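Structure first, commentary second.
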Amino acid sequence: MNLFDLYTNKIKKKIIKNKSIFNLKNQNDIKNIVVETPPDKFNFDLSSNAAMILAKNINKNPRVIAEQLKEILLKEIKDFSSIEIAGPGFLNFKINNNTWQKTIDSILKSNKSYGSNKLKKSFNIEFVSANPTGPMHVGHCRGAIFGDVLSNLLIFNGGKVTKEFYINDYGNQIENFVKSVYLRIREIKFKENFPDNKSLYNGEYIKDIANAVLNKLKKIKFDSYEKDFEILKKESLNYSLNLIKSDLKLLGVKHDLFFSETKMVKNKSVDKIIKILKKNNFVFEGFLEAPRGDDSSSWKKTKRLIFKSSSFGDDTDRALQKNDGTWTYFANDIGYHSTKLNKKYDSLINILGADHIGYIKRISAAVSAMSNNKINLTCKVCQLVKFLKNGEPFKMSKRSGDFFPLNKLLKEVNKDSIRFMMLYRSNDVELEFDFKKVLEKNKDNPVFYVQYCYARINSIFRTLKIDPSKKTSLSSVDFKINNFEQKLLKKIIEWPKVVEVASNKKEPHRIPFYLYELSTLFHSYWSKGNEDPNYKFIKNGNIANKVTLKIFQIISIILENGMFILGVSLPKKM
RNA sequence: GGUCCCAUAGCUCAAUUGGAUUAGAGCGUCUCGCUACGGACGAGAAGGUUGAGGGUUCAAGUCCUUCUGGGACCUCCA
C-alpha cells in the first residue's frame, strides 16, 4: 500500500489512454512523472508534476495541460474530492472520504508489513570486521549499528540479507598480537618485563587475554614462542573473537556469517581467482615504484603480480604480492570477495569506517573485474564519532589510554539510546555523541520523544479499556476528521515512501527522522485537547470519533515497525 | 602532491532519490498555555544571500565546474 506509486501508475495510465490529447508519442517521455507529498501550506494530500513533464515533451504551457489533465483525472479516477492547479503547473489532490476509509482499513490489515515495498532482491552486507586482536572499541560502534539497521531495513522492505563479518585472522598484525599475548604470559608467569616495542599491542586488555589463555593452557610451559605459536594463536584469536561477539550482542547486533581469512587462504581461494584474473589480462607481472611514506627503506624493486585496478576507475594499479612473494591484504580481500560473488547475491554492500575511504576504489575495481562489470559493490562510509560528555570531549582514564572499549560505553548509556542516536545523522557526516544528553528524558532526546509518543497512545487504549491490536471496520462509521488528523494521515501515507527511499539510497537515518516527525504531530494533537475541549478525543470515557482511534492504531503500527528496523525497544508504559 | 566526505538560522542538524511567490526541526533567546486524556508536553515570535563565483534545467540546498575553509585517508600494513 504505497499511495504514491499507486497514483503515479494510475495517472500514467490515464495519460496513455488519452495520449492523443497530450500528443504523447513515446511512453518513455512520461517516466519522470511522480506523485509526492505537497508542502504543508497547500493543505492537499498528494501532488504531481505530470503536467510539467508533459509540457516539456510537447512544448506547451504546463498550466493549460494541467487543466486538461485535471478534467480527465477527476472524471476517470474516483478517489479525489478535488484537484487544484498551483505554481508552475503542479496538480494538488485531495483524497475523498471513501478512499481514506479504504486506505485506513487496508493499512490496519497489512499491520506488521505496513511500509514494506516487497522488494525481491538478495543482499550481502559486510560490516564491523574488526580485527580479532581485542574487544571492540567505540569507533566500531557506528558502523556496527549502521550495518545492522540497514540489514533490518532491507529485510523489512522485502529483501533477503546475509550479514557477514570478515575475520582478519591472518598476517603480520596477528603475529604481533599473538606475540604480545605470549610476552604478557611470560610477564605473569616469570615476572619478565614486557618490552617497549611499538609493533606490540600494549593495551591493558592483552593482560586479560593472557590470563585467560594461561588458565586454559595449564599444561603448556611457555618456554618457546615458536613451539607454542599455533595453539597460542588459536586460543588468543578465539578469546578475542568471543569478546567481539559478546560486545556485538550487547549492542543488539548479530551476524549470520563469520568468514575466516586464514581458512580462505588455506583453501587456495586467492590463488584460484588471481589465476582467472590473470587469464583475463586484469593481472600482470611488473614493478611498482617505492611507496611514499616513512618506511621505504626496506623496499625492494622486485617483480610481482599487480592488479590493473586503474582500468576500473582506481587511481593506480595495486600490488597483489609483497616483497617475499606472499599475498597482500588486498589480494586476500579479492579472494574473499570472489567467494561472495560465487554466492550470486543481487547486491554486495560493504560498510566501512572513514579511515578506509582510500580502499574503496581498488576493491570496487576488483569486484567489477571479477563480475564482468555485472555486480557493483556499494561501499557506505560512516564518518567519525566524537564522544562528548556535557559538551566536553570525553577522556578516558590514563590507565586505558586512548582505547575506549565499547562495553564501557554500554555501561554508561543503554543500547536503545546508542542505536537511535548513532542513526540520527546521515552516515557521511561526523557525529557528536554526548552521552549525558542522550540520557535526558525530554524533547532534546529524540529516542525518548518517540518512545513517549508510543506510551501515550497505549495509555489512551488503557483508559478506553480497548485492546490496541483489535481492529474494527470503519465502513458503517461516519468518516469525519479534523485538521490534526488530516495532517497525521498525510504523514502516515508517507511511511512506505520513506522506507523505499531509505532502502534504495541505503540511508537508514531517514527512519528515525520520520518517526520523530510523526511523533511531533501526535504530541501536538494531544496537547491541543488541553487548550480546546473540541479536540479532546476521549469524552466521558468513550472515544469521540472511531476514526481517531484507527489513526492512533496506525501510528502505533508504524512506530512498532520503525523501531523494529532500528532495533530499539518501545515500552507501552514509561 | 592526490583521493574521498563535509559546509544550510547563534549552536546541532533535516530537506520526499532535481520541485512550489514563504528552505524546515531541536537547542538557545523572548512571549504564552497546566490539578490533564500522562505538562516527560504544546502554541507563538525573532533568527537565512543554503561558504564564494560560474554553468546545466520549465525548476538547483540538491547535478556539473572553479575557488575558499574544515575533516578522513594516501604501505608491500590490516
Side-chain angles (χ1 to χ4, degrees), chain A residues 4 32 34 36-42 47 49 52-53 55-56 61-62 86-90 92 129 131 133 168 170-174 199 261 288 290-296 298-300 302 304 314-316 318-324 326-333 353-361 381 383-384 391 424-432 434 437 440-446 448-449 451-452 455-456 459-460 462-464 494 497-498 500-502 504-505 507 509-510 513-514 516-517 520 523-531 536-539 541 573-574:
Chain A
F4 303 96
N32 289 328
V34 289
E36 294 170 309
T37 304
D40 268 342
K41 57 188 169 191
F42 290 105
S47 78
N49 61 350
M52 281 135 76
I53 299 289
K56 191 181 180 178
N61 185 343
F90 283 99
N92 287 331
S129 298
N131 286 344
T133 55
N168 299 133
Y170 185 88
N172 288 332
Q173 293 297 333
I174 295 303
S199 65
E261 183 178 1
L288 282 177
R292 265 192 319 269
D294 43 22
D295 193 25
S296 53
S298 61
W299 169 260
K300 280 181 225 149
T302 52
R304 67 189 74 214
D314 197 4
D315 312 309
T316 157
R318 305 289 178 176
L320 296 170
Q321 286 174 305
K322 303 184 205 169
N323 269 346
D324 59 6
T326 58
W327 295 128
T328 60
Y329 174 83
F330 177 49
N332 287 346
D333 212 17
D355 51 340
H356 285 78
I357 282 182
Y359 191 70
I360 294 176
K361 282 190 178 177
V381 175
Q383 292 293 331
L384 296 182
Y424 205 60
R425 282 286 173 275
S426 145
N427 59 287
D428 43 18
V429 302
E430 277 188 31
L431 182 149
E432 283 186 8
D434 192 318
K437 282 191 181 161
E440 287 173 5
K441 295 192 169 181
N442 57 35
K443 218 190 154 174
D444 205 5
N445 180 358
F448 167 77
Y449 189 76
Q451 287 176 328
Y452 186 45
R456 275 184 155 174
S459 98
I460 296 167
R462 276 196 302 274
T463 307
L464 292 170
E494 273 183 44
K497 189 79 187 166
V498 170
E500 186 187 26
V501 172
N504 285 352
K505 297 180 88 163
E507 293 181 346
H509 74 275
R510 289 167 186 274
F513 276 103
Y514 172 86
Y516 185 88
E517 287 161 13
T520 298
H523 287 308
S524 175
Y525 185 15
W526 174 285
S527 300
K528 186 71 180 173
N530 292 334
E531 194 186 306
K536 284 193 183 279
F537 35 78
I538 293 180
K539 279 171 188 160
K573 246 181 178 172
M574 292 178 80

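In what follows, every heavy atom counts, from backbone to side chain, and hydrogens, waters and symmetry copies are set aside. Not measured: the values here are computed from a predicted model. By convention in this document, chain letters (A, B, ...) are assigned in the order of the sequence lines, proteins followed by strands, and residues within each chain are numbered from 1.
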For [X], enumerate each residue passing the side chain to side chain donor-acceptor pair (under 3.5 Å) test, keeping only those at least two apart in sequence or located in another chain.
X        : result
A:Thr37  : A:Glu494
A:Gln173 : A:Tyr201
A:Asp315 : A:Lys361
A:Ser524 : none

Per-nt protein contacts along nucleotides 3-10 of chain B (heavy atom under 4.0 Å; B base, S backbone sugar-phosphate only, - none) come out as SSSS----

For nucleotides 18-35 of chain B, 5' to 3', base contacts (B), sugar-phosphate-only contacts (S) and non-contacts (-) with protein non-hydrogen atoms under 4.0 Å give -BB-S--SSS--------

Euclidean distance for [atom1], [N] against [M] (whole angstrom):
N      : M      : atom1 : answer
B:rU50 : B:rU66 : P     : 22 Å
B:rG53 : B:rG61 : P     : 13 Å
B:rG24 : B:rG48 : C1'   : 12 Å
B:rU12 : B:rG54 : C1'   : 32 Å
B:rU17 : B:rA60 : P     : 15 Å
B:rG47 : B:rA25 : C1'   : 14 Å
B:rC6  : B:rU22 : P     : 29 Å
B:rA23 : B:rU16 : C1'   : 14 Å

For the pair made of [atom1] in [X] and [atom2] in [N], what is the distance, rounded to whole Å?
X        : N      : atom1 : atom2 : value
A:Asn427 : B:rC13 : CG    : P     : 14 Å
A:His509 : B:rA14 : NE2   : P     : 6 Å
A:Leu431 : B:rG71 : CG    : P     : 18 Å
A:Asp40  : B:rU16 : CG    : C1'   : 12 Å
A:Glu261 : B:rC77 : CD    : P     : 11 Å
A:Glu507 : B:rA14 : CD    : P     : 10 Å
A:Tyr449 : B:rG38 : OH    : P     : 18 Å
A:Arg425 : B:rC13 : CZ    : C1'   : 5 Å

Base, sugar-phosphate alone, or nothing: which one does [X] contact when heavy atoms must sit under 4.0 Å apart?
X        : value
A:Gly529 : base
A:Ala55  : nothing
A:Tyr329 : base
A:Asn504 : base
A:Tyr170 : sugar-phosphate
A:Leu384 : sugar-phosphate

Residues passing the ring pair (Phe, Tyr, Trp, His ring centres under 6.0 Å) test with A:Tyr424, sequence neighbours excluded, are A:Phe420, A:Phe513

Across all chains, not counting sequence neighbours, the ring pair (Phe, Tyr, Trp, His ring centres under 6.0 Å) partners of A:Tyr452 are A:Phe448, A:His523

Comparing nearest nucleotides in RNA chain B, the 5'-proximal residue of the pair A:Lys505, A:Ala354 is A:Lys505

Ranking A:Tyr359 and A:Val501 by the position along RNA chain B of their nearest nucleotide, the one closer to 5' is A:Val501

In the structure shown, which nucleotide is the Watson-Crick or G-U wobble counterpart of [N], with both distances under 3.5 Å?
N      : value
B:rG42 : B:rC32
B:rG69 : B:rC6
B:rA15 : none
B:rG1  : B:rC74
B:rG47 : none

For [X], which residues count as a side chain to side chain contact (heavy atoms under 4.5 Å, CB included) partner, sequence neighbours excluded?
X        : answer
A:Ile357 : A:Val381, A:Gln383
A:Ser527 : none
A:Ile538 : A:Ile460, A:Thr463, A:Leu464

For [N], does either OP1 or OP2 sit under 4.0 Å from a side-chain N or O belonging to [X]?
X        : N      : result
A:Tyr514 : B:rA15 : no
A:Arg510 : B:rA15 : yes
A:Ser426 : B:rC13 : no
A:Trp526 : B:rA36 : no
A:Lys536 : B:rC37 : yes

Determine whether the aromatic ring centres of residues A:Phe537 and A:Tyr525 are separated by less than 6.0 angstrom. yes

Distance col, row A:Glu430:CD vs A:Arg425:CZ, nearest 0.5 angstrom, shows 11.5 Å

So CD1 of A:Ile360 and CG of A:Asp314: to nearest 0.5 Å the spacing works out to 11.0 Å

Proximity to the side chain of [X] - top-ranked nucleotide from [options]:
X        : options                : result
A:Lys573 : B:rC41, B:rC58, B:rG38 : B:rG38
A:Phe513 : B:rA78, B:rG38, B:rC13 : B:rC13
A:Glu430 : B:rG38, B:rG42, B:rG71 : B:rG71
A:Lys497 : B:rU16, B:rC77, B:rG38 : B:rU16

*asked:* So does A:Asn131 get a backbone contact from the side chain of A:Asn168, meaning a donor-acceptor N/O pair under 3.5 Å?
replied: no

task: Please confirm whether any donor atom in the side chain of A:Ser459 sits under 3.5 Å from an acceptor in the base of B:rG38, or the reverse.
output: yes

Enumerate all atom pairs, one protein N or O and one N or O from nucleotides 45-50 of chain B, separated by less than 3.5 Å.
none

### Query
Any side-chain heavy atom of A:Tyr170 within less than 4.5 Å of one from A:Trp327?
no

request  = Determine whether A:Glu261 and A:Ile174 make a side-chain contact, defined as any pair of heavy atoms from C-beta on separated by less than 4.5 Å.
outcome  = no

